[in-house]
Protein chains: 2
Amino acid sequence: MTRILVVDDEPQIVRALSINLRARHYDVDTAADGASALRAATHHLPDLVVLDLGLPDMEGTDVIRGLRGWTGVPIIVLSGRAESRDKVDALDAGADDYVTKPFGVDELLARIRAVTRRAQPADEAPPAVVIGTHTVDLAAHTVTGGDSEVHLTPTEWQLLEHLLRHPDKLITQRALLQDVWGPQYLTETNYLRQYMARLRRKLEFDPAHPRHLLTEPGMGYRFRP
Amino acid sequence: MTRILVVDDEPQIVRALSINLRARHYDVDTAADGASALRAATHHLPDLVVLDLGLPDMEGTDVIRGLRGWTGVPIIVLSGRAESRDKVDALDAGADDYVTKPFGVDELLARIRAVTRRAQPADEAPPAVVIGTHTVDLAAHTVTGGDSEVHLTPTEWQLLEHLLRHPDKLITQRALLQDVWGPQYLTETNYLRQYMARLRRKLEFDPAHPRHLLTEPGMGYRFRP
DNA sequence: CGCGGGCGTTAAGAACGCGTCAAAAACCGG
DNA sequence: CCGGTTTTTGACGCGTTCTTAACGCCCGCG
């Protein structure tokens, strides 16, 4: 869930934005002035800040700098002022985007999507998973740790990836066969037995008693972190 | 040096932007239509793309998607159309920002700074990398050290560059072929075999047993520092 | 208690991908 | 137009990986 902090001193704008954002399944915090905005951000770091520049207590650029001092959270500025100078100041202070009022809600939402999309990869949680003594990094395609060096073949990676991307979830045999081998292999469960065994031999501490790559008899397999 | 690809079919706009950008010490490439824009980006990946939406040969959103298919390079859209719908479409296709014409140059420059600032952290650039007895300097495009003099061809540089920019990370064959040769060579893995062999012959201490330019059978290649 | 399905294991041949050599074709500067 | 460099293309041996088959075991069920 993406958490958005809306900062504006006009209650009706805050209200309208909150309703629209919540309807899109965003989590919304609000603040009516710069000081409480900084406090709210400190208290619970949002994933994005929508900031009106016309606040009663502080310069808008100071609010931006106050945030930028300690966080890289994306900031979208709302402002009634369309002068080039204001935009340049806000953007150079650290804002990610600048929208002039009056603005279309659809456009703001699209800009929110664009900015969060860009910011995501930076602070994304580590895509590394631990299995026994080994650590699997899906992004780099590496297996580290463990005493012996481990190398996985393409098919092994594909299979492992599907399991690791859905922790604790049961993946049916059909789903795995479909995704790794294709639609015409849906009944070749022997492939799964073969390759699950290989994965366990390479990753599990005791392949005969797997603790992470589990079998659900008659159904499929499951990865337990 | 930040390299910017300017795409617009109006020569005077291209010219004005080029002058302004070069004055700010940006490196500028230009393209007049969608097809040559995609080709230019493939040939030498820019750090940012400024894209006019009113191109003669392609839909603007298709150009965006054409880039997004294989790179996360920041894209700022220029457009004469101010309708909310156009903005939403472009942003959701993968654009990072949308500026309506006529626009102030100062504003565009500020938005360029904002977008590149956000994109920067992703690619930290270690200036020099050591492979065996040789030292490769990506910025200067030089190979020093080693007893024998080493000269790399353009294709060899491109290939090596992609590997060195992502240390320890597996780069798939498709990604390398896409970035070095272009989208229509995705299956020509023999090119990779050929040029990886040449790089190893020129850089590795023992080309038959590479220690830094590693093969991941069936998947791709990896640079280990 | 005997039976059968599903699972893990082992073992084999087949198919594929990689590194390599070699040579033709395209490119480039003089 | 020529000579050298660079890129593209084809072919082959070899090791790895994939595919396929067969066997034993556990467990639920009749």
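Scope of the values below: all heavy atoms of this structure, side chains included, with no hydrogens, waters or symmetry mates. Chain A is the first sequence line, chain B the second, and so forth, proteins listed ahead of strands; every chain is numbered from 1.
- Computed from coordinates, the B:Y195 OH to D:dT5 C1' distance equals 11 Å when rounded to whole Å.
- Only one option out of B:D96, B:D47, B:I112, B:V50 pairs with B:P74 in a side-chain contact (heavy atoms from CB on, under 4.5 Å); it is B:D96.
- Considering only residues two or more places apart in sequence or on other chains, A:Y185 meets the side-chain contact (heavy atoms from CB on, under 4.5 Å) condition with A:W181, A:E188, A:Y191.
- Within the structure, ring-ring contact (aromatic ring centres under 6.0 Å, His included) contacts touching residues 199-219 of chain B (residues at least two apart or in different chains) do not occur.
- Within residues 151-164 of chain A, the residues approaching DNA chain D are A:H151, A:T153, A:P154, A:T155, by heavy-atom distance under 4.0 Å.
- One finds a side-chain N or O of B:W181 lying less than 4.0 angstrom from the OP1 or OP2 phosphate oxygen of D:dT8.
- Residue pairs meeting the salt bridge (Lys or Arg N to Asp or Glu O under 4.0 Å) criterion with at least one partner in residues 151-164 of chain A, sequence neighbours excluded, are A:E156-A:R198, A:E156-A:K202, A:E161-A:R165.
- Take A:W70 and apply the ring pair (Phe, Tyr, Trp, His ring centres under 6.0 Å) test, not counting sequence neighbours, and it matches no residue.
- Residues that satisfy the ring pair (Phe, Tyr, Trp, His ring centres under 6.0 Å) test with A:H166, not counting sequence neighbours, are absent from this structure.
- Comparing the local axis fitted to the first five base pairs of the helix from C:dC1-D:dG30 to C:dG30-D:dC1 with the one fitted to its last five gives a bend of 40°, rounded to 10°.
- Residues passing the salt bridge (charged side-chain N to carboxylate O under 4.0 Å, His left out) test with A:E107 are A:R111, B:K87, sequence neighbours excluded.
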Identify the pairs formed between an N or O of the protein and an N or O of nucleotides 15-22 of chain C at a distance under 3.5 Å, and give each distance.
unit_1: C:dC18; atom_1: OP1; unit_2: B:Q173; atom_2: NE2; d: 2.6
unit_1: C:dC18; atom_1: OP1; unit_2: B:G218; atom_2: N; d: 3.1
unit_1: C:dG19; atom_1: OP1; unit_2: B:R200; atom_2: NH2; d: 2.4
unit_1: C:dG19; atom_1: OP1; unit_2: B:T215; atom_2: OG1; d: 2.4
unit_1: C:dG19; atom_1: OP2; unit_2: B:Y221; atom_2: OH; d: 2.9
unit_1: C:dG19; atom_1: N7; unit_2: B:R193; atom_2: NE; d: 2.7
unit_1: C:dG19; atom_1: O6; unit_2: B:R193; atom_2: NH2; d: 3.1

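- Checked against ring pair (Phe, Tyr, Trp, His ring centres under 6.0 Å), A:H162 has no partners two or more places apart in sequence or in another chain.
- For B:R113, the side-chain contact (heavy atoms from CB on, under 4.5 Å) test picks out A:V88, A:D92, B:Y26, B:L109, B:A110, with sequence neighbours left out.
- Of the residues near DNA chain D, A:R198 and B:Y185, the one whose nearest nucleotide (by heavy atom distance) lies more toward the 5' end is B:Y185.
- Partners of A:P225 under the side-chain contact (heavy atoms from CB on, under 4.5 Å) rule, at least two apart in sequence or in another chain, are A:P167, A:D168, A:F223.
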